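This is a predicted model, so every value here is computed, not measured.
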Amino acid sequence: MIEIELDGKKVDIVEGSMIMHAAEKAGTYIPHFCYHKKLSIAASCRMCLVDVEKMPKPMPACATPVTQGMIVRTKSDKAIKAQKSVMEFLLINHPLDCPICDQGGECQLQDLAVGYGGSTSRYEEEKRVVFHKDVGPLVSMEEMSRCIHCTRCVRFGQEIAGVMELGMSHRGEHAEIETFLGQSIDSELSGNMIDICPVGALTSKPFRYSARTWELSRRKSISPHDSTGTNLIVQVKNNKVMRVVPLENEAVNECWIADRDRFSYEALNGDERLTSPMLKQGGVWKTVDWKTALEYVVHGLQSIKANHGPSFIGALVSPHSTLEELYLAGALVRGLGSENIDYRLRNAEFEKASTVARYLGMRIQELSSLQRVLVVGSNLRKDHPLFAQRLRQAVRVGGELSVINAAATDWAMPVRHSDLVPAAGWLHALSDIAAAIAVEKNVTAPLGGQITEFAKAVASSLLGGENKAVLLGNAAAHHSQAGQLLAMANWIGEHTGAKVGYLTEAANTVGAQLVGVMPGEGGLNAGQMLSGALKATLLLNNEPEFDSAAGRASIDTLKQSEMVVTLSPFKANMEMSDVLLPITPFTETPGTFVNAEGRVQSFYAVAKPLGDARPAWKVFRALADMLNLPGFAFDSAQEVLLHLHSKLEGGAPSWVPANRLSNVHELSETITPMRGEPCVAAIYQLDSIVRRAPALQLTADAKKAGTQEVTA
């Protein structure tokens, strides 16, 4: 640590830090544009010029290292004059279009111009014009004349997203930010460029000209998509979600969100929203009131229970549902005397219900500091964009990434060792690595493996370093040999000191396990239920055609049921359903998600329910009351959560107790043969909300997934 004087105050700061870092520590604001705490230093805007004693000229605070005894003045006449001069240059070519700019009201340039800009301009020549560019459906580059060349967007792509999609061409007044060779911006994190742009050069294409920032109310929420548990700020106008931006949480999503989290809100305002209950009568859908719809469902359940027994009633629930919804769905099914409930629609192997949940095996924050990591069965960038971003930071500082996967994908980071083998060969690939480790450690390998060059390289990598992990992706979790893959990963972890975990698929995969939405003794799993074993099927927040391993075949099997009830925010499953009950999405209901690391995050509704839609937990409570089932006397989602806390054996409200999280799995000597390919959703097909977001479905990733489906 060294000591400097900043505006008369003594500040202790780590040697090698910049003046800007010392100012942040001291709580002193220095105006800036190009500097961002998560990006490398460019020192291109010069707005942060400060007065350093014994320096003849003002120095950029973001790029000037501190030295022992340095005296810095950020508000001296010399510093202020320099900053005002820089502001004059920045405003020379900036268009006077604040009244129509989407950035108006939250623009860094606008804010600083108040304090450092002049009241008149000495510039009389014509302002330069930069022509607009079409770079895809998400990011708008319609007003690039506003750009001040801070290069934040360029550095973000190169350092955070891992793909340098933007760059600066030409020099001087001809310099401009652009994609090259007419390419579009296709990164799954591209929307963050909008947030970090300090002016209105990059704006949101779906949000463009929709509202002014001061018209929007801001409310906190949690993403319902992947298992990161991304913290969001949802911005609402007239009870309509208009925009979604990140809420900074260093331990979870830092200051970033994936495009899936940012733009999926479009579906909430779309034409496919279900706003009233609907019944199918004579093959024709008719809108009815809630009383009629619920009586139809209750009568159907009672009739099927009486005629066939409760074992012919079951529920398929989505792990994108809230903890409260999942618990009450399970309680309803079990109250009817059935154990047929499951959230594992894409799985091929089904573990018995347990009191512990599979999870990441570490804190999300630890991903950024891993020195050695082996990822099995994951297209990490597309499955978990923010996990990939953290691993990218680890690799940037020397971490080694090894991959076992079925297909070559662009990881947007250096992969040290890669083995491309069909999914049927993943267990053999892990046993080969185990055999190589066994030789190095002088122990007996669990299964007979061959010591290949890849196995030796990965074994050597995992035996080195300190912070290590073996991570199983969505394809490994949905694999028909999932249990054996986990057991082998545990053996490797035990003998290398690596942590073992699942990159869990959905927002509430861990939560679904904790509240027991898995079949109990004698119950049917999702695969069995989708093979036509039920007479009455409840579908919570899912579309089996897209969300299950059965795919299109699920429609024919579900049609054989006497009654199919769909609870969804959208007009879904209309081909095989008998009744549609409109439930609210995450923006219109309070609830709780448990992310991959076991963090419990609750949120409130940010908008009123659309039409006659109702929160799913209220629908289950109403059905239970009409069926005279006990244990449903909850007046709010918070009461349901308090009830669940008592069942979690006194765990802290914000964390799942450690004894309820475990990835331990015994290795079986009998190897079960693989059945079929693992079912994995494409990035913009993950859930019913994302599938209905127009802008996301126009992206290159969505079009590529659609082409693959057609080809298949």
Check ion pair [X]-[Y] (N to O, under 4.0 angstrom):
| X | Y | value |
| --- | --- | --- |
| E106 | R212 | no |
| R691 | E272 | no |
| K205 | D134 | yes |
| D271 | K571 | no |
| R260 | E188 | no |
| R552 | E575 | yes |

[X]-[Y] side chain donor-acceptor pair, cut-off 3.5 Å:
| X | Y | value |
| --- | --- | --- |
| D687 | H225 | yes |
| T504 | T509 | no |
| T203 | D102 | no |
| D701 | T699 | no |
| S190 | D259 | yes |
| R208 | S210 | no |

Within 45 degrees of the axis of the six-membered ring of F570 and under 6.0 Å from its centre: does R692 put its NZ or CZ there? yes

At what distance, to the nearest 0.5 angstrom, does [atom1] of [X] lie from [atom2] of [Y]?
| X | Y | atom1 | atom2 | result |
| --- | --- | --- | --- | --- |
| T566 | L540 | OG1 | CG | 10.0 Å |
| S187 | N192 | OG | CG | 8.0 Å |
| I222 | N508 | CD1 | CG | 11.0 Å |

For a 4.5 angstrom cut-off between non-hydrogen side-chain atoms, does [X] reach [Y]?
| X | Y | result |
| --- | --- | --- |
| Y265 | Q235 | no |
| Q108 | M47 | no |
| K286 | L279 | no |
| L610 | N239 | no |
| E159 | S40 | yes |

Compute the ring centroids of F603 and F593, then answer whether they are less than 6.0 Å apart. yes

Do you know the tightest heavy-atom contact between L268 and V241? CD1-CG2, 4.4 Å

Assess the residue pair N249 and N231 against the criterion (side chain to side chain donor-acceptor pair (under 3.5 Å)); give the C-alpha distance rounded to whole Å, side-chain angles, the decisive distance to 0.1 Å, and a yes or no. CA-CA 7 Å; N249 186 333; N231 289 210; 3.1 Å; yes

Verdict with supporting geometry, T213 and R218, side chain to side chain donor-acceptor pair (under 3.5 Å): CA-CA 10 Å; T213 179; R218 291 159 173 76; 2.5 Å; yes

Between H384 and F387, what is the ring plane arrangement, given parallel below 30°, perpendicular above 60°, and tilted in between? parallel

Let me have the donor-acceptor pairs involving side chains of residues 173-180, under 3.5 Å, with sequence neighbours excluded, atom names and distances please.
residue : atom : partner : partner atom : Å
E176    : OE1  : K133    : NZ           : 2.9
E178    : OE2  : S169    : OG           : 2.4
T179    : OG1  : Q183    : O            : 2.7

